[in-house]
A.B. asks: 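Sharing a structure, written as structure tokens. Questions coming.
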2 protein chains.
Amino acid sequence: MTQLGNVTPLFQDLAKVEHEHNLACQECSLYRLCLPLGLHNNDLIQLDKIIKRSQSYSRGQPLFSTQTPFNSIYVVRSGSFKTTVSAVDGREQVTGFYFPGEFVGLDAIYEQAYRSNAKALESSSVCELPFDMLQELGANMPQLQVQMMSRLSKELSGDKSLMFLLGKKTAEEKLATFLLSISRRFQDRGFSAREFQLSMSRGDIANHLGLAVETVSRLFSRFQDEGLIDIHNKSISIRDVEKLKALCG
Amino acid sequence: MTQLGNVTPLFQDLAKVEHEHNLACQECSLYRLCLPLGLHNNDLIQLDKIIKRSQSYSRGQPLFSTQTPFNSIYVVRSGSFKTTVSAVDGREQVTGFYFPGEFVGLDAIYEQAYRSNAKALESSSVCELPFDMLQELGANMPQLQVQMMSRLSKELSGDKSLMFLLGKKTAEEKLATFLLSISRRFQDRGFSAREFQLSMSRGDIANHLGLAVETVSRLFSRFQDEGLIDIHNKSISIRDVEKLKALCG
DNA sequence: CGACTTCTTGACAGGACTCAAACTGTGTGG
DNA sequence: CCACACAGTTTGAGTCCTGTCAAGAAGTCG
């Protein structure tokens with residue numbers, strides 16, 4: 001029997017607590033990770049008004065696809081999502097995983113059309129920000145614009161790192177980097193950096209890192225043999241952060 | 001002797017014409033590709049005032065590096081640049097090539113620090129936009145903010161495509177995609193889509209596409225043998241656009 | 001409890017990398 | 001203006017990492 005039964009609460013649990021209450025930004029526990037950061041009280045109330053707090057999405061359910069007319073960008077409220085871009089021949093690339101407080105759909109602003117597909121990885125919910133209303137609001141709220149730019153820029157800088165990963169790193173380095181990235185993001189959200197559940201499949205991970213499923217599976221096994229991690233299905237526990245960091249290249 | 005001696009003017013030539021005059025936005029030929037697009041006359045004049053039109057950069061000269069304090073973002077005025085991110089062990093990834101009218105340094109906004117290094121690929125010049133002044137201006141100029149977001153989003157969406165390329169495409173598909181991307185951008189700027197000069201080295205191309213120099217060199221030779229392109233040193237002429245498109249995957 | 005999906009493990013093959021060497025172009029200094 | 005040095009490019013040979021194919025195990029869901 002593994003110790004992993006008793007792990008940090010999942011984002012899903014957060015959903016139960018917060019989604020049911022549909023908390024306003026002021027009371028949302030994601031406040032300091034989210035868009036409202038730095039807005040003054042009055043501005044915050046206005047922003048709060050335009051946010052649609054949607055029903056939840058179940059595992060596999062699309063948030064939007066390239067076919068969906070563009071109206072809104074989204075912030076993950078609970079759970080997690082993946083985005084993909086796909087070619088005519090059916091090949092797909094998982095371009096990102098998104099956790100609570102992170103923006104989805106920012107690449108749609110230019111061209112006013114979704115350029116990727118977003119799907120829930122587990123039971124999840126989002127805050128929907130109608131883009132036209134966001135722009136109207138931004139016209140009289142410079143701080144909001146600053147925040148938005150900052151968000152876009154952050155994703156940009158993450159994508160550059162990902163390009164380095166895809167272009168220059170070995171399979172081993174890719175997976176180690178991935179694990180630490182997830183770990184850090186869990187930590188930022190107040191969860192354990194050491195023990196968590198991977199909401200995405202091996203296939204999604206492999207695809208995202210530009211690897212074959214089999215390679216990911218083999219590496220997980222090897223990392224486990226070498227005492228770096230403990231992994232059972234989707235439960236993962238990081239045993240040796242330092243060695244893992246050393247593998248990141 | 002090749003026919004390529006007499007090609008469309010290079011961006012470099014544009015530099016000679018325009019840079020010497022230091023044209024204001026209103027008269028700049030890049031207007032419709034650049035930030036000012038959609039600004040009203042008065043706003044445009046104000047934007048124009050904060051732009052520093054810098055001296056030119058020569059081949060290999062850095063525009064900024066991760067060591068440079070962040071103060072400005074840049075728009076290429078003439079010539080071309082590359083950006084790279086690098087790891088501690090010296091490995092580098094060329095994250096992008098930038099042509100006239102394109103923004104460099106957008107990923108620095110978040111964290112207020114350059115996350116990548118930018119170098120001129122040929123004799124080039126830029127318009128420098130001090131970021132604090134840009135923000136002040138944006139506070140009273142919603143259109144400008146919209147433009148900025150749009151720019152950030154465009155780069156984001158380009159990066160997603162690049163992630164697909166790096167993660168899922170074969171060497172052949174990568175190079176074909178690259179050639180057509182450059183071709184399209186030349187065309188957008190009023191140059192020939194069929195004949196142009198590659199300002200970047202084989203090494204830069206290879207690195208950017210996640211390939212070895214040798215692979216790129218071999219593929220160029222093969223594309224030439226198959227009548228897809230004509231390439232001599234940095235001069236390239238596209239012979240069969242359709243076949244090239246078919247190779248993009 | 002069965003049908004299906006996801007994951008793991010093994011054997012094998014191939015595309016792209018590495019190493020090596022020759023060739024070409026460029027720029028510099030005498 | 002030429003000779004030399006050096007960076008960039010091309011081409012060949014050999015190898016290895018990672019993908020592909022295959023089959024079985026484990027997990028999931030109705």
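Residue numbers begin at 1 in each chain, while the letters A, B, ... track the order of the sequences.
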A.B. asks: By nearest heavy atom, map A/Lys234 and A/Thr215 onto DNA chain D; which one lands nearer the 5' end?
C.D. replies: A/Thr215
A.B. asks: Take atom CD of B/Glu122 and atom P of C/dT26, then tell me their distance rounded to the nearest Å.
C.D. replies: 15 Å
A.B. asks: Could you state the CG-P distance from A/Leu211 to C/dA16, rounded to the nearest angstrom?
C.D. replies: 16 Å
A.B. asks: Salt-bridged, B/Arg189 to B/Glu102, with N to O below 4.0 Å?
C.D. replies: yes
A.B. asks: Can you measure B/Leu209 atom CG to C/dA16 atom P for me and round it to whole angstrom units?
C.D. replies: 12 Å
A.B. asks: Look at all strands and tell whether A/Gly210 reaches a base, only sugar-phosphate, or nothing, counting heavy atoms closer than 4.0 Å.
C.D. replies: sugar-phosphate
A.B. asks: When the distance from NE2 of A/His232 to P of C/dT8 is rounded to whole Å, what number comes out?
C.D. replies: 11 Å
A.B. asks: With heavy atoms of chain A within less than 4.0 Å as the criterion, where does contact along DNA chain D begin and end?
C.D. replies: D/dT18 to D/dG27
A.B. asks: If you check every side-chain atom of A/Ser201, which of C/dC7, C/dT18, C/dT8 has the closest atom?
C.D. replies: C/dC7
A.B. asks: Consider side-chain hydrogen bond (donor to acceptor under 3.5 Å, both in side chains). Of A/Arg185, A/Lys82, A/Glu155, which one does A/Tyr98 pass it with?
C.D. replies: A/Glu155
A.B. asks: Are more than 12 heavy atoms from other residues, nucleotides or ligands located less than 6.0 Å from atom NZ of A/Lys234?
C.D. replies: yes
A.B. asks: Hey, are B/Ser199 and B/Ser80 close enough side-chain-wise for a donor-acceptor pair under 3.5 Å?
C.D. replies: yes
A.B. asks: Does A/Arg218 pair with A/Glu214 as a salt bridge, N-O distance under 4.0 Å?
C.D. replies: no
A.B. asks: Atom CG of A/Leu219 and atom P of C/dT8: how far apart are they, to the nearest Å?
C.D. replies: 11 Å
A.B. asks: It should be established whether A/Ser221 places a side-chain nitrogen or oxygen under 4.0 Å from OP1 or OP2 of nucleotide C/dT9.
C.D. replies: yes
A.B. asks: Can you figure out which of C/dT8, C/dT9, C/dC17 approaches the side chain of A/Val213 most closely?
C.D. replies: C/dT8
A.B. asks: Find the distance B/Arg59:CZ to C/dG27:P and express it as a whole number of Å.
C.D. replies: 8 Å
A.B. asks: Within this structure, what is the CG-to-P distance between A/Asn233 and C/dT8, rounded to whole angstrom?
C.D. replies: 8 Å
A.B. asks: Classify the side-chain pair A/Thr95/A/Ser116 by whether it contains a donor and acceptor separated by less than 3.5 Å.
C.D. replies: no
A.B. asks: Does this structure show an ion pair linking B/Lys160 with A/Asp107, if we count only N-O contacts that are shorter than 4.0 Å?
C.D. replies: no
A.B. asks: Nearest whole angstrom, please: distance from the P of C/dG10 to the CZ of A/Arg222.
C.D. replies: 14 Å
A.B. asks: Nearest to the side chain of B/Arg218 - C/dC17, C/dT8, C/dA20?
C.D. replies: C/dC17
